[in-house]
Amino acid sequence: QQVSQLEDQVKQVTEKAKFDLADSYYQRALALEETAKRTKFAPKKKKETKREALELYKLAATSGKVEANDRIAKLEKEM
């Protein structure tokens with residue numbers, strides 16, 4: 001019985017860690033996207049920053065963050 005409780009706790013912790021990781025990727029991508037928006041006179045830097053944000057959104061999406069899919073589509077359309 002204790003073993004099954006511990007297994008459940010481990011499963012919950014790993015699910016939470018995965019969600020937190022996906023959320024972290026998503027938040028970092030949002031920050032990079034905002035940085036790209038504020039970059040005015042450096043088109044190469046802006047494009048590179050958008051590309052980094054896109055990669056982070058993809059990582060977030062594969063980690064389970066559903067909201068990232070909309071951002072991925074938007075950035076891919078812009079690039």
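Residues forming a side-chain contact (heavy atoms from CB on, under 4.5 Å) with Asp23 (at least two apart in sequence, or on another chain): Gln27, Lys65. In this view, Asp20 and Lys16 satisfy the side-chain hydrogen bond (donor to acceptor under 3.5 Å, both in side chains) rule, not counting sequence neighbours.
Distance check: Met79 CE to Leu75 CG gives 7.0 Å after rounding to the nearest 0.5 Å. Interatomic distance, Leu21 CG to Leu59 CG, rounded to the nearest 0.5 Å: 8.0 Å. To the nearest 0.5 Å, the span separating OG1 on Thr35 from NZ on Lys37 amounts to 10.5 Å. For the atom pair Gln2 CD and Gln5 CD, the distance stands at 7.0 Å (nearest 0.5 Å). Taking CD from Glu34 and CG from Leu30, the interatomic distance works out to 9.0 Å, rounded to the nearest 0.5 Å.
Val66 belongs to no multi-residue hydrophobic cluster, having no ILVMFWY side-chain contact under 4.5 Å with any other such residue. Summarising the hydrophobic clusters (Ile, Leu, Val, Met, Phe, Trp, Tyr; side-chain heavy atoms under 4.5 Å, direct or chained), the residues clustered with Val13 are none.
Using a 4.0 Å cut-off between a side-chain N of Lys or Arg and a carboxylate O of Asp or Glu, Arg28 and Glu33 do not qualify as a salt bridge.
For residues 8-52, the pairs satisfying ring-ring contact (aromatic ring centres under 6.0 Å, His included) are Tyr26-Tyr57, with sequence neighbours left out.
Put simply, the side chain of Ile72 reaches to within 4.5 Å of the side chain of Glu76, judged on heavy atoms.
For Ala22 against Ala60, the heavy-atom pair with the smallest separation is O-CB, 3.5 Å.
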List the atom pairs, donor and acceptor, that lie under 3.5 Å between side-chain atoms in residues 43-52 and the rest of the protein, sequence neighbours left out.
from  : atom 1 : to    : atom 2 : distance (Å)
Thr49 : OG1    : Lys45 : O      : 2.7
Lys50 : NZ     : Glu78 : OE1    : 3.0

